[in-house]
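My questions all concern the structure below.
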Amino acid sequence: MGAETLLTNGEARVQLEAKVPVILGLQPAALIDHVARVDLSLLDQIPGERGGSIPVAIEELEHILSELKKHILASADDLSPMKTMAGGSVANTIRGLSSGLGVNCGMIGAFGDDEQGQLFVSNMSISGVNISRLRKKNGPTAQCVCLVDALGNRTMRPCLSTAVKVQADELTQEDFSGSKWLVLRYGIFNLEVIQAAIQFAKQEGVSVSLDLASFEMVRNFREPLLQLLESGDIDLCFANEDEARELLRGRQNADPEAALEYLSKYCRWAVVTLGPNGCIAKHGKEIVRVPAIGEAKAVDATGAGDLFAGGFLYGLVKGLSLEECCKVGSCSGGSVIRSLGGEVTPENWQWMYKQMQVKGLSLPDIRN
């Protein structure tokens with residue numbers, strides 16, 4: 001496939017000859033993850049709650065990176081104590097769908113004219129993702145430090161404030177034409193571009209999937225989220241247990257089952273993931289509970305929800321049952337936590353295929 005760069009409105013846009021993606025991911029700002037296993041003393045030094053995701057300035061991000069070497073936890077499983085890769089929830093979902101599940105996928109967003117921007121584009125392209133909807137802009141690419149403790153729990157500190165990103169008025173109907181699904185992650189600072197993307201998606205008959213991002217995002221910006229969910233424009237919603245609790249905070253019953261019931265009022269498919277306890281999902285009147293894969297050893301929880309979403313979406317586009325969608329999700333979610341970062345290694349994709357066979361699921365037709 002040949003690639004060329006076209007200049008439109010002062011921006012460079014990479015054009016690739018490719019089929020229309022079945023699933024599109026909107027990640028307004030390309031993001032590079034720096035993932036490392038660290039001891040608790042570093043986590044104690046960093047402002048904010050452990051386990052969450054709180055934006056930081058570039059100076060703070062660089063300070064954390066400079067401190068990492070003193071706090072790295074050695075691991076026999078990983079050759080490198082720190083990994084740098086294309087990141088972001090939507091990128092993790094789309095890359096997994098493309099590279100491990102064989103679904104034709106594309107990304108919408110913007111990347112900077114720096115080393116990190118090139119790394120993001122290269123990583124996604126190598127994974128088979130259509131990057132023709134990524135805009136190149138003057139400025140820095142977003143970065144995030146992902147700190148993983150000895151138990152595999154991760155604390156994230158993204159630096160997004162100065163990063164380039166695609167704006168609502170830069171989206172076009174052509175971006176969405178012919179696709180089946182649009183994958184979104186809730187974020188208050190991206191609300192305008194999210195709403196514009198949803199409008200185009202609905203005009204083009206594209207179904208919309210929304211991830212609730214983090215318990216802090218739900219806690220701090222719940223009202224705009226409730227409005228988005230209650231609009232009826234979200235076809236599929238993913239929430240983890242903490243996000244589900246925040247969604248219904250203040251109500252008499254705020255357990256995962258109550259959150260599932262609430263989400264299913266407005267979304268055709270609703271899923272609440274329960275970590276080691278698996279997940280619950282509802283479509284129409286059908287409710288299923290699927291256990292997690294017991295054999296999955298958690299080295300790093302980064303990307304678990306993202307890859308679960310990828311597996312579930314794979315099931316939907318393949319016409320699988322609700323229970324089977326959850327089973328594929330648990331297999332793909334289980335595969336990413338076996339090593340550092342939100343990108344599944346080739347060995348762990350093989351592990352996932354074996355898990356799918358054990359569960360009686362047909363394997364993906366990989367053409368990449």
Side-chain angles (χ1 to χ4, degrees), residues 49-53 89 92-93 96 148-149 151-156 185-186 209-219 222 225 229 234 236-249 251-316 320-338 342 352 355-356 358-359 361:
E49 294 177 60
R50 277 189 209 166
S53 177
S89 173
N92 291 340
T93 298
V148 184
D149 67 21
L151 298 176
N153 301 311
R154 87 282 186 266
T155 298
M156 308 179 97
R185 182 177 196 252
Y186 180 62
S209 168
L210 181 73
D211 180 90
L212 296 196
S214 71
F215 65 84
E216 295 101 335
M217 189 63 73
V218 179
R219 176 189 299 168
R222 191 168 61 153
L225 172 59
L229 291 169
I234 308 302
L236 164 62
C237 185
F238 294 101
N240 66 28
E241 206 166 356
D242 294 333
E243 293 154 4
R245 195 173 293 113
E246 287 295 337
L247 191 67
L248 299 184
R249 183 167 43 87
R251 301 193 185 188
Q252 190 172 2
N253 187 0
D255 61 20
E257 288 78 10
L260 185 75
E261 199 59 41
Y262 168 80
L263 291 170
S264 68
K265 285 182 186 175
Y266 306 104
C267 309
R268 291 166 64 200
W269 292 271
V271 185
V272 179
T273 56
L274 307 171
N277 295 316
C279 72
I280 49 177
K282 186 173 182 183
H283 174 54
K285 293 183 178 179
E286 183 184 10
I287 299 176
V288 299
R289 181 180 289 269
V290 173
I293 298 177
E295 298 86 349
K297 52 174 184 173
V299 172
D300 172 15
T302 303
D306 308 331
L307 270 293
F308 178 94
F312 191 95
L313 281 160
Y314 165 84
L316 286 184
L320 303 186
S321 70
L322 183 63
E323 184 176 9
E324 288 170 328
C325 288
C326 290
K327 285 181 177 179
V328 181
S330 71
C331 289
S332 53
S335 69
V336 75
I337 67 174
R338 293 166 58 84
M352 186 197 79
Q355 297 300 321
M356 289 180 68
V358 167
K359 293 183 181 299
L361 300 163

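Quick note: residue numbers are just sequence positions, from 1. Because the structure is predicted, anything quoted here is derived from the model rather than measured.
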Which residues pass the side chain to side chain donor-acceptor pair (under 3.5 Å) test with Asp211, sequence neighbours left out?
none

Kindly compute the distance separating CD (Glu241) from CG (Leu274), expressed to the nearest 0.5 Å.
5.0 Å

Residues in side chain to side chain contact (heavy atoms under 4.5 Å, CB included) contact with Asp255, at least two apart in sequence or another chain:
Asn253, Glu257, Ala258

To the closest 0.5 Å, what do you measure between CE (Met356) and OG (Ser332)?
8.0 Å

By ring-ring contact (aromatic ring centres under 6.0 Å, His included) - contacts of Phe215 (at least two apart):
none

Roughly how far apart are Phe312 CZ and Leu322 CG, rounded to 0.5 Å?
5.0 Å

Between Val271 and Ala281, what is the shortest heavy-atom contact and its length?
CG2-CB, 4.1 Å

Passes side chain to side chain contact (heavy atoms under 4.5 Å, CB included), Leu247 versus Leu263? Steps please.
CA-CA 10 Å; Leu247 191 67; Leu263 291 170; 3.8 Å; yes

Could you report the tightest heavy-atom contact between Ala239 and Leu212, atom names first, then the distance?
CB-CD1, 3.7 Å

Does any non-hydrogen side-chain atom of Glu261 lie less than 4.5 Å from one of Lys282?
yes

List the steps, then state whether side chain to side chain contact (heavy atoms under 4.5 Å, CB included) holds for Val336 with Asp306.
CA-CA 9 Å; Val336 75; Asp306 308 331; over 6 Å; no

Nearest non-hydrogen partners of Leu248 and Ala254, listed with the distance
O-CB, 3.6 Å

Rounded to the nearest 0.5 Å, how far apart are SG of Cys331 and CG of Leu307?
11.5 Å

List the atom of Val148, the atom of Arg154, and the distance in Å for their closest heavy-atom pair.
CG2-CB, 4.1 Å

Nearest heavy-atom neighbours spanning Ala292 and Gly275:
CB-O, 3.8 Å

Presence of salt bridge, Lys359 and Glu324, under 4.0 angstrom
no

Results of side chain to side chain donor-acceptor pair (under 3.5 Å) for Glu49 - residues two or more places apart only
Arg219

What is the minimum heavy-atom distance between Cys279 and Phe308, and which atoms define it?
SG-CZ, 3.7 Å

Does Leu210 form a side chain to side chain contact (heavy atoms under 4.5 Å, CB included) with Leu229? I'd like the steps, not just the answer.
CA-CA 9 Å; Leu210 181 73; Leu229 291 169; 4.1 Å; yes

The side chain to side chain contact (heavy atoms under 4.5 Å, CB included) partners of Lys265 (sequence neighbours excluded) come to none

Pairs meeting criterion salt bridge (charged side-chain N to carboxylate O under 4.0 Å, His left out) with involvement of residues 269-278, two or more places apart:
none

Strictly distance-based, threshold 3.5 Å: is any side-chain N or O of Arg268 a donor or acceptor partner for the main-chain N or O of His283?
no

To the nearest 0.5 Å, tell me how far Ser330 OG sits from Ile293 CD1.
4.0 Å

salt_bridge(Glu246, Arg249) N-O dist < 4.0 Å:
yes

Test side chain to side chain contact (heavy atoms under 4.5 Å, CB included) applied to Ile234 and Trp269, step by step:
CA-CA 9 Å; Ile234 308 302; Trp269 292 271; over 6 Å; no

What's the spacing between Glu286 CD and Ser321 OG if we round to 0.5 Å?
7.0 Å

